[in-house]
Amino acid sequence: MRKSEGSGGTQLKNRARGDYDQRTSSSTQIKHRNAVQGSKSSLSTSSPESARKLHPRPSDKLNPKTINPFGEQSRAPSAFAAIYSKGGIPCRLVHGSVKHRLQWECPPESLSFDPLLITLAEGLRETKHPYTFVSKEGFRELLLVRGASEKAVPLLPRLIPVLKAALVHSDDEVFERGLNALVQLSVVVGPSLNDHLKHLLTSGSLSIIKSKIPTYCSICC
């Protein structure tokens, strides 16, 4: 009788020890798994990119991200942007301490207006820097060279539709650049522009122009 009781007590002890060992093993595995997950999360949060997101630097506001010319773009670049990036526009933007200016690769008076003047006019519809400044200032400076009238008049049939596209643009700044360009062109070519006004100032485009800046448009007209 004592032997059976002794063997039963031994079995109970062994079973209790097995349950304890199993609980200890399970607890160790849980702790190990939690430690691995914690180390992964700490590595992800300790990366420079994550640190910048959690704690942005003051300089991030002063130096916003720029477009990566070698990265994939969500939209294809415009015709003017593509020509400019390939060096098809013979001038570059020079950043000054007070204002920007253009630096021409060669004297503007030595350049052919065809198709440069038309390309610059197409750039008036751009909405991103530096294309906005290059197209606006390039168009203006090209019309200031000696002999600009003789070079610009033959291009009027191709220039007018491009300027009209800028005048009916939904962006007010694009509209203003187009209107300024039209005034500059009118000063250079004079009465030669009259025959093309009927194509430029249609009933639809004229109503849009008047609704934009009535006073300025009246002066320009």
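The shown structure was predicted, so the numbers you read here are calculated from the model rather than taken from an experiment. Values below: every heavy atom of this structure, side chains too, minus hydrogens, waters and symmetry copies.
Judged purely by atom type and a 3.5 angstrom limit, S85 uses its side chain to pair as donor or acceptor with the backbone of A81. In this structure, the side chain of R101 does not engage the main chain of V94 through any donor-acceptor pair within 3.5 Å. Under the 3.5 Å distance criterion, the side-chain polar atoms of R140 are left unmatched by any main-chain donor or acceptor of S135. Side-chain atoms of K164 never come within 3.5 Å of backbone atoms of L159 as a donor-acceptor pair (strictly under, hydrogens ignored).
Placement of L185 and L197 within a single hydrophobic cluster is found when ILVMFWY residues are connected by side-chain heavy-atom separations under 4.5 Å, directly or transitively. Hydrophobic clustering keeps V162 apart from V187 (ILVMFWY residues linked when any side-chain heavy atoms are closer than 4.5 Å, directly or through intermediates). Linking Ile, Leu, Val, Met, Phe, Trp and Tyr whenever their side-chain heavy atoms come within less than 4.5 Å leaves V174 and L120 in two separate clusters.
Of all the heavy atoms in S192 and L156, the pair that sits closest is O-CD1, 3.6 Å. Taking all atoms of both residues into account, the shortest heavy-atom contact from S186 to L193 is CB-CD2, 3.7 Å. Nearest heavy-atom pair across T132 and R177 is CG2-NH2, 3.8 Å. Of all the heavy atoms in K136 and L124, the pair that sits closest is CA-CD2, 3.8 Å. In plain terms, the two heavy atoms of P108 and L142 that are nearest each other are O-CD1, 4.0 Å. Between A166 and G178 the shortest heavy-atom distance is CB-CA, 3.9 Å.
Atom CZ of residue F133 and atom CD of residue E126 lie 15.0 Å apart, to the nearest 0.5 angstrom. One distance of note links CD1 of I83 with OG of S78; it measures 8.5 Å at 0.5 Å rounding. Between the CD atom in E141 and the CD atom in E109 there is a gap of 11.0 Å [rounded to 0.5 Å]. The structure places NE2 of H169 at 7.0 Å from OG1 of T127, a figure rounded to the nearest 0.5 Å. To the nearest 0.5 angstrom, L93 atom CG is 11.5 Å from Y131 atom OH. For the atom pair CD (E122) and CG (L163), the distance works out to 10.0 Å, reported to the nearest 0.5 Å.
Cation-pi geometry between R92 and Y84 is met: under 6.0 angstrom from the ring centre, within 45 degrees of the axis.
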Audit row: R158, D114, salt bridge (Lys or Arg N to Asp or Glu O under 4.0 Å) steps and yes/no: CA-CA 10 Å; R158 295 157 61 190; D114 188 9; 3.0 Å; yes
Test side-chain contact (heavy atoms from CB on, under 4.5 Å) applied to V134 and F80, step by step: CA-CA 10 Å; V134 172; F80 181 83; 4.2 Å; yes
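V153 has its side chain out of reach of V188: every pair of non-hydrogen atoms, C-beta onward, lies at least 4.5 Å apart. Taking the side chain as every heavy atom from C-beta outward, P157 and H196 approach each other to under 4.5 Å. With a 4.5 Å cut-off on side-chain heavy atoms, F113 and V145 count as touching. Between W104 and L111 the shortest side-chain heavy-atom distance falls below 4.5 Å.
Other residues, nucleotides and ligands place no more than 12 heavy atoms under 6.0 Å from the CD atom of E173.
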